[in-house]
A.B. asks: 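Before we start, here is the structure in question, set down as structure tokens.
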Amino acid sequence: MRMLPGQLRMRVLIAFRFLRTLSMLDIQLLRNQMPLVAESLAKRGMRLDVSAFETLEEERKQLQTRTQELQARRNALSKQIGMLKGKGEDASAVMAEVGGIGDELKANEQALSALLERINGFVAALPNLPHESVPEGADESANVEVLKWGTPREFDFEVNDHVDVGARLGLLDFETAAKISGARFTITRGGLARLHRALAQFMLDTHVREHGYTEVTVPFLVNPASMYGTGQLPKFEEDLFAVPKADGGRFYLIPTAEVPVTNMVRDELLAADALPLKFVCHTPCFRSEAGSYGRDTRGMIRQHQFEKVELVRVETPERSWDALEELCSHAEAILQKLDLPYRKIVLCTGDMGFSAAKTYDLEVWLPAQNTYREISSCSNTGAFQARRMQARFKNPQGKNEFVHTLNGSGLAVGRTLVAVLENYQQADGSVSIPKALQPYMGGLEVLVP
RNA sequence: GGAUAGGUGGCAGAGCGGUUGAAUGCACCGGUCUUGAAAACCGGCGAUCCUUCGCGGGAUCCGUGGGUUCGAAUCCCACCCUAUCCGCCA
């Protein structure tokens, strides 16, 4: 198989990263607590080949020790040559001796770097370890409901789904979007377009004014290193849209603001008093949805392009677990203010994303589907992303330590619009506007056909 | 797209091919002085990996990769990135 230039660069980048950071999981943990790590990964349905790793490690130690011995000898002898020449004495005997080291040293160095790349390939495929509080299970059926909020409304008429509600209003148009772009795109018009904008504004304002987040705007096109930092690459390239650059490189369209916002601290060494960082960011998100051809084809639940208001936090390890609860409550606050019934679940070990140590999903009630659907996902990745990104802070003991990074939707704007249309629809085809949004709609109380 | 300049420790900024992991300043930590603080003075202060129970010892890292050399931050080549100016453009 021919390798694309981007992939080649990625492999080079990974090899380079490995030498600097040695892993995505903590390599020390892997070396010293192998059984524990294996057990933890097993909970995620991930079988860790312990003996394969130990063999590689054994080989690495031998090779590294031998290489370093040779390097030490070469350095010492070369230093002697410098001293002899400085005194104007003859150094040819020493030069002959050091010359003999060259071949073996070069062979050792090459073998070592090849081996390091193999070990990296092994470690890079490992997902984050689940937090101890995460319930064990193989798939979504083992997720655990934490709470239900609100009561689904009783309808005294036949409920329509958001596609029909939007059609009756004449403000939601999939056909024209399909003509322009293809499947999984949407056009909204008039009051509905404004309602969509109002939702995003309302979320931003709430998180800034009431929850203390700093609003940021960021690039929507990012480089491969950023995708690697947050964990989308190298494993999940097929989920992304790529844009080629004239120089042969590529940009990726962000699948979530988590990528650019979290990468703001990549390669940074932060002062302890700079933490926590709390950012809120409204962006479009682009996803290829390559693995979900048959799912949610109707309506605007699953799109190639949607908008999201994202919360990102950079925390110290001591505080990150409290911060996750807090962040999730901030996302919940939006649903509560909009009076949309939802439930909160904690994902089991088998259903979590690659980078996450623990994830809460918020699911909003959709009456037409008679079920709850995901509208937010809030995760603590611990030091997993920070280790990939080299994002550190100087702890009170003066030691450099990896930060913990968290992110969560607060909320997905498109799906929130769906939820409002379905939950606030009325028998005559109109849709009343949630109280909290009316100030953002110039006081408008209802959208009428 | 064209033309320059530059990428060195948390930051700024030195660095004739040879005891340079790197001067100096700032920041930071400890101490002296002070009623306290500031100032001044003294001392300390990079990361990662290997080895050791520990003390310690060793290796690698000056944008990235490669080359020359007994020896490279320093010389050569390629690439990446940043800044500035010109052109074009929302």
Side-chain angles (χ1 to χ4, degrees), chain A residues 5-6 8-32 56-106 108-117 119-120 123 217 219-226 228-229 245-251 263 265-275 383 386-403:
Chain A
L8 190 68
R9 249 195 308 284
M10 207 59 231
R11 286 185 42 159
V12 171
L13 177 74
I14 293 163
F16 157 65
R17 285 279 174 186
F18 182 77
L19 294 170
R20 278 177 69 199
T21 75
L22 287 166
S23 79
M24 292 81 240
L25 290 177
D26 185 353
I27 193 88
Q28 299 297 358
L29 193 68
L30 209 51
R31 285 171 184 156
N32 303 329
L56 287 172
E57 271 291 286
E58 212 40 57
E59 208 177 317
R60 178 191 63 80
K61 281 185 192 178
Q62 277 184 21
L63 204 49
Q64 184 169 349
T65 306
R66 177 68 185 144
T67 303
Q68 291 188 0
E69 278 171 10
L70 290 169
Q71 286 170 331
R73 247 182 82 205
R74 180 203 58 194
N75 290 348
L77 291 174
S78 289
K79 198 167 271 186
Q80 264 185 42
I81 294 171
M83 275 155 49
L84 288 171
K85 289 202 162 179
K87 286 187 270 183
E89 293 172 24
D90 175 43
S92 57
V94 187
M95 283 174 72
E97 190 182 351
V98 75
I101 300 176
D103 285 347
E104 193 191 349
L105 180 57
K106 189 155 230 169
N108 270 280
E109 282 175 340
Q110 280 171 2
L112 180 61
S113 89
L115 182 64
L116 286 177
E117 200 169 337
I119 294 176
N120 173 62
V123 179
T217 66
F220 305 152
L221 294 168
V222 302
N223 56 33
S226 293
Y228 182 81
K245 290 201 290 180
D247 67 3
R250 55 174 59 183
F251 286 126
N263 272 282
V265 296
R266 173 153 55 88
D267 291 322
E268 295 291 329
L269 178 55
L270 302 161
D273 60 13
L275 300 178
R387 202 171 283 117
R388 293 171 160 245
M389 292 191 301
Q390 285 294 295
R392 299 163 300 166
F393 74 105
K394 202 151 294 274
N395 72 17
Q397 290 74 45
K399 282 283 167 198
N400 298 341
E401 195 174 348
F402 290 116
V403 297

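Nothing here was measured: the structure is a model prediction, and the numbers come from that model. Numbers restart at 1 for each chain; the letters A, B, ... are given by sequence-line order, proteins then strands.
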A.B. asks: In whole angstroms, how far is the C1' atom of B:U51 from the CZ atom of A:R60?
C.D. replies: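 Going from CZ in A:R60 over to C1' in B:U51 covers 12 Å.
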A.B. asks: For residues A:R392 and A:V403, report the shortest heavy-atom separation together with the two atoms involved.
C.D. replies: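 For A:R392 versus A:V403, the nearest heavy atoms are C-CG1, 3.9 Å.
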A.B. asks: A:M83 has an atom CE; how far is it from atom C1' of B:C70, in whole Å?
C.D. replies: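 It works out to 15 Å between those atoms.
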A.B. asks: Measuring only the C1' atom in each nucleotide, how far is B:U82 from B:G63? A whole number of Å is fine.
C.D. replies: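 Between the two C1' atoms, the distance is 10 Å.
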A.B. asks: Between A:S226 and A:N223, is there a side-chain donor-acceptor contact under 3.5 Å, judged purely by atom types and distance?
C.D. replies: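 Yes, A:S226 and A:N223 have a side-chain donor paired with an acceptor closer than 3.5 Å.
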A.B. asks: A:Q80 CD to B:G18 P: how many Å, rounded?
C.D. replies: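 Value for this atom pair: 18 Å.
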A.B. asks: Using atom C1' in both nucleotides, what's the gap between B:G17 and B:G71 to the nearest angstrom?
C.D. replies: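 Straight-line distance between the two C1' atoms is 8 Å.
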A.B. asks: If we ignore angles and hydrogens, is there a donor and acceptor under 3.5 Å between the side chains of A:D267 and A:Q390?
C.D. replies: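 Checked: A:D267/A:Q390 side chains show no N/O donor-acceptor pair below 3.5 Å.
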A.B. asks: Both A:V98 and A:L269 contact RNA chain B. Which one's nearest nucleotide lies toward the 5' end?
C.D. replies: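 So the residue in question is A:L269.
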A.B. asks: Extract the stems that RNA chain B is part of, considering only consecutive pairing runs of at least three Watson-Crick or G-U wobble pairs, both distances under 3.5 Å.
C.D. replies: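 Expected stems, ordered by start: B:1-7 with B:80-86, B:10-12 with B:24-26, B:28-32 with B:40-44, B:46-51 with B:56-61, B:63-67 with B:75-79.
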A.B. asks: Got a sec, which residues hit side-chain hydrogen bond (donor to acceptor under 3.5 Å, both in side chains) with A:Q68, two or more places apart in sequence or on another chain?
C.D. replies: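 A:Q68 satisfies side-chain hydrogen bond (donor to acceptor under 3.5 Å, both in side chains) with no residue once adjacent residues are dropped.
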A.B. asks: Shortest non-hydrogen contact from A:F402 to A:F393?
C.D. replies: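 Shortest heavy-atom separation between A:F402 and A:F393 comes out as O-CE2, 3.7 Å.
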A.B. asks: Please report the distance separating the C1' of B:U74 from the corresponding atom of B:U51, rounded so that it comes out in whole Å.
C.D. replies: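 After rounding to an integer number of Å, I get 32 Å for this pair.
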A.B. asks: Suppose you measure atom P in B:U24 against the same atom in B:G56; what distance do you get, rounded to whole Å?
C.D. replies: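 To the nearest whole Å, 24 Å.
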A.B. asks: Determine whether A:I101 and A:L77 satisfy the following criterion, side-chain contact (heavy atoms from CB on, under 4.5 Å), listing intermediate values before the conclusion.
C.D. replies: CA-CA 10 Å; A:I101 300 176; A:L77 291 174; 4.1 Å; yes
A.B. asks: Closest heavy-atom contact between A:N263 and A:M389?
C.D. replies: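 Minimum heavy-atom separation between A:N263 and A:M389: OD1-SD, 3.6 Å.
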A.B. asks: Expressed as a whole number of Å, how far does the P atom of B:A47 sit from that of B:C11?
C.D. replies: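 About 13 Å, rounded to a whole number of Å.
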A.B. asks: Rounded to whole angstrom units, what separation is found between the CD atom of A:Q390 and the C1' atom of B:G46?
C.D. replies: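 A:Q390 atom CD is separated from B:G46 atom C1' by 13 Å.
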A.B. asks: What are the atom names and distances for every N/O pair under 3.5 Å that joins the protein to nucleotides 73-77 of chain B?
C.D. replies:
none

A.B. asks: So which atom in A:N108 and which in A:T67 form the shortest heavy-atom distance, rounded to 0.1 Å?
C.D. replies: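 Closest approach of A:N108 to A:T67: CB-OG1, 3.4 Å.
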A.B. asks: Using heavy-atom distances to pick each residue's nearest nucleotide on RNA chain B, tell me which of A:T65 and A:K394 is more 5'.
C.D. replies: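 The residue whose closest nucleotide sits nearer the 5' end is A:K394.
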A.B. asks: Looking only at atom P, what distance separates B:G66 and B:A72, rounded to whole Å?
C.D. replies: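 The answer is 14 Å between these two P atoms.
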A.B. asks: Could you check which of B:G67, B:A47, B:U51 has an atom nearest any side-chain atom of A:K106?
C.D. replies: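 Nearest nucleotide to the side chain: B:G67.
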A.B. asks: How does protein reach along nucleotides 53-60 of chain B, written 5' to 3' as B (base within reach of a heavy atom under 4.0 Å), S (only sugar-phosphate), or - (no contact)?
C.D. replies: -----BSS
A.B. asks: Determine the interatomic distance between C1' on B:C88 and the same-named atom on B:A14; round to the nearest Å.
C.D. replies: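 B:C88 and B:A14 have their C1' atoms separated by 40 Å.
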A.B. asks: Distance check needed: B:G9 C1' versus A:R392 CZ, whole Å only.
C.D. replies: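 Atom CZ in A:R392 sits about 11 Å away from atom C1' in B:G9.
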A.B. asks: Taking only the C1' atom of each, what is the distance from B:A27 to B:A12 in whole angstrom?
C.D. replies: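 To the nearest whole Å, 10 Å.
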A.B. asks: Output one line per pair: protein atom, nucleotide atom from nucleotides 80-82 of chain B, and distance, for all N/O pairs under 3.5 Å.
C.D. replies:
none

A.B. asks: Could you state the NZ-C1' distance from A:K79 to B:G21, rounded to the nearest angstrom?
C.D. replies: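 These atoms are roughly 11 Å apart.
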A.B. asks: Using the test salt bridge (Lys or Arg N to Asp or Glu O under 4.0 Å), find all partners of A:E69 that sit at least two apart in sequence or belong to another chain.
C.D. replies: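 For A:E69, the residues satisfying salt bridge (Lys or Arg N to Asp or Glu O under 4.0 Å) (neighbours in sequence not counted) are A:R66.
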A.B. asks: Within this structure, what is the CE-OG distance for the pair A:M95 and A:S78, rounded to the nearest 0.5 Å?
C.D. replies: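 Going from the CE atom of A:M95 to the OG atom of A:S78 covers 9.0 Å.
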A.B. asks: Salt bridge check: are A:E109 and A:K106 linked by an N-O gap of less than 4.0 Å?
C.D. replies: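 Answer for the salt bridge query: no.
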A.B. asks: Quickly work out the A:I81 CD1 to B:A72 P distance and round it to whole Å.
C.D. replies: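 Nearest whole value for this atom pair: 11 Å.
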A.B. asks: Considering every strand and a 4.0 Å limit on heavy-atom distances, what is the contact class for A:K61: base, sugar-phosphate, or nothing?
C.D. replies: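 Here A:K61 touches the backbone only, sparing every base.
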A.B. asks: Taking atom OG1 of A:T65 and atom NZ of A:K61, what is their separation to the nearest 0.5 Å?
C.D. replies: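 Rounded to the nearest 0.5 Å, the OG1-NZ separation comes to 8.5 Å.
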A.B. asks: Can you tell me how far P of B:G10 sits from CG of A:L275, to the nearest Å?
C.D. replies: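 After rounding, the gap between these two atoms is 17 Å.
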A.B. asks: Return the CD to CD distance between A:E57 and A:Q64, rounded to the nearest 0.5 Å.
C.D. replies: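 Going from the CD atom of A:E57 to the CD atom of A:Q64 covers 9.0 Å.
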A.B. asks: Restricting to non-hydrogen atoms, name the atom on A:L269 and the atom on A:K394 that form the minimum distance, rounded to 0.1 Å.
C.D. replies: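 Answer, listing the atom of A:L269 first, then A:K394: CD1-N, 4.1 Å.
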A.B. asks: What's the shortest heavy-atom distance between A:Q71 and A:L105, and which atoms?
C.D. replies: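 The answer is CG-CD1, 3.6 Å.
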